[in-house]
Amino acid sequence: MPCLTISPATVDSGRFPWAEHKERFKRLNEPDVSYHDVVYTEAFGRARVVTLRNLGAATRP
């Protein structure tokens, strides 16, 4: 039986100004109540932290 994993991909080199686009990327720029009200752009400055916290280092089928 074949297995297929479909997930969104974010390519982040660490240089994109996520905080400058607060209206477009609300999830990264507003407090996350499930993670002690952290604002990811202030604490880490990168987008990949959210995915790593939620899914781990790799997605599994």
Side-chain angles (χ1 to χ4, degrees):
M1 173 187 262
C3 191
L4 175 66
T5 300
I6 299 174
S7 62
T10 302
V11 178
D12 179 19
S13 67
R15 295 179 290 184
F16 185 80
W18 298 101
E20 291 179 19
H21 304 281
K22 292 183 181 198
E23 288 298 316
R24 191 167 180 198
F25 304 105
K26 290 181 181 181
R27 187 168 183 191
L28 298 173
N29 289 290
E30 294 178 352
D32 185 355
V33 295
S34 70
Y35 202 58
H36 310 292
D37 289 329
V38 70
V39 177
Y40 295 107
T41 55
E42 293 174 7
F44 305 108
R46 302 181 84 146
R48 70 180 83 182
V49 176
V50 178
T51 306
L52 286 174
R53 179 185 69 94
N54 291 343
L55 300 175
T59 58
R60 292 181 279 180

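Because only heavy atoms are used, hydrogens play no part in the values below, and waters and symmetry mates are left out as well, while side chains stay in.
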Distance col, row Thr41:OG1 vs Arg27:CZ, nearest 0.5 angstrom, shows 13.5 Å

How far apart are the closest heavy atoms of Val39 and Leu28, and which atoms are they?
-> CG1-O, 3.8 Å

Give the ring-plane orientation class for Tyr35 versus Tyr40, where under 30° counts as parallel, over 60° as perpendicular and anything between as tilted.
-> parallel

Measure up the Phe16 and His21 rings against each other and bin them: parallel (under 30°), tilted (30 to 60°), perpendicular (over 60°).
-> parallel

Sequence neighbours excluded, which residues qualify as side chain to side chain contact (heavy atoms under 4.5 Å, CB included) partners of Ala43?
-> Val38

Is there a donor-acceptor pair under 3.5 Å between the side chain of Asn29 and the backbone N or O of Trp18?
-> yes

